[in-house]
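Written below as structure tokens is the structure these notes are about.
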Amino acid sequence: MKLSRYEQEVVINLNADEDEATVYTANPTWMRKMDKLCKEFPEVICLKSWTEVSKTYVLPKSLVRIGKPRTLSEAQLRHLRELQNKV
């Protein structure tokens, strides 16, 4: 079953009372990334359940991070523009 891009969601669920977070995803890219992490760190991140189109993972909530947007220097911006122009 193929999902539309809109339906390929990722939901991260955590609360203050528990030490674990759950990541539900129907996005194939996220599933590949999470599967790779499960294989590399099976004692930390594990697959909880799956369906034909989605998977749910469990991991320590300390691994869930939200960061500030990256600020690029003028030299980095110039380099990225040059790379874009080559394509």
Side-chain angles (χ1 to χ4, degrees):
M1 176 180 200
K2 186 169 175 152
L3 299 177
S4 69
R5 293 197 41 86
Y6 180 82
E7 294 171 313
Q8 294 178 14
E9 63 185 2
V10 177
V11 178
I12 300 171
N13 188 359
L14 55 89
N15 62 57
D17 195 36
E18 296 180 354
D19 294 330
E20 294 181 328
T22 59
V23 176
Y24 164 86
T25 183
N27 182 306
T29 303
W30 274 70
M31 283 190 259
R32 283 191 299 275
K33 288 179 184 182
M34 294 299 293
D35 286 341
K36 185 177 177 183
L37 289 170
C38 285
K39 287 180 184 175
E40 193 171 349
F41 305 100
E43 65 285 346
V44 180
I45 302 170
C46 65
L47 178 62
K48 180 180 177 182
S49 62
W50 64 92
T51 67
E52 181 182 339
V53 294
S54 68
K55 292 183 179 180
T56 302
Y57 303 88
V58 178
L59 61 148
K61 72 178 183 183
S62 62
L63 295 180
V64 178
R65 294 182 180 87
I66 298 176
K68 298 185 285 186
R70 184 171 69 160
T71 305
L72 299 175
S73 69
E74 191 58 42
Q76 290 171 316
L77 287 170
R78 201 171 27 255
H79 177 71
L80 289 174
R81 285 188 200 112
E82 289 172 4
L83 291 175
Q84 284 180 331
N85 291 335
K86 288 182 181 180
V87 175

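Fair warning: this is a prediction, and the values are worked out from it, not measured in the lab.
- To the nearest 0.5 angstrom, R81 atom CZ is 15.0 Å from K86 atom NZ.
- Between atom CG of residue N13 and atom CD of residue E20 there is a gap of 12.0 Å, rounded to the nearest 0.5 Å.
- Remark: L80 CG to N85 CG distance equals 11.0 Å, nearest 0.5 Å.
- The two residues T25 and M31 come nearest to each other via the heavy atoms CG2-CG, 3.6 Å.
- Transitive grouping of hydrophobic side chains (ILVMFWY, heavy atoms separated by less than 4.5 Å) brings W50 and V10 into a common cluster.
- Judged by distance alone, the side chain of Q8 and the main-chain N or O of L3 form a donor-acceptor pair under 3.5 Å.
- At least one donor-acceptor pair closer than 3.5 Å links the side chain of Q76 to the backbone N or O of S73.
- Distance OG1/T22 to CG/L59: 8.5 Å, rounded to 0.5 Å.
- Counting non-hydrogen atoms of other residues, nucleotides and ligands closer than 6.0 Å to CG of D19 gives a total of 12 or fewer.
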Atom pairs and distances, donor-acceptor, side-chain atoms in residues 34-49, under 3.5 Å, two or more places apart:
{"from": "D35", "atom 1": "OD1", "to": "K55", "atom 2": "NZ", "distance (Å)": "3.4"}
{"from": "D35", "atom 1": "OD1", "to": "Y57", "atom 2": "OH", "distance (Å)": "2.7"}
{"from": "D35", "atom 1": "OD2", "to": "K55", "atom 2": "NZ", "distance (Å)": "2.7"}

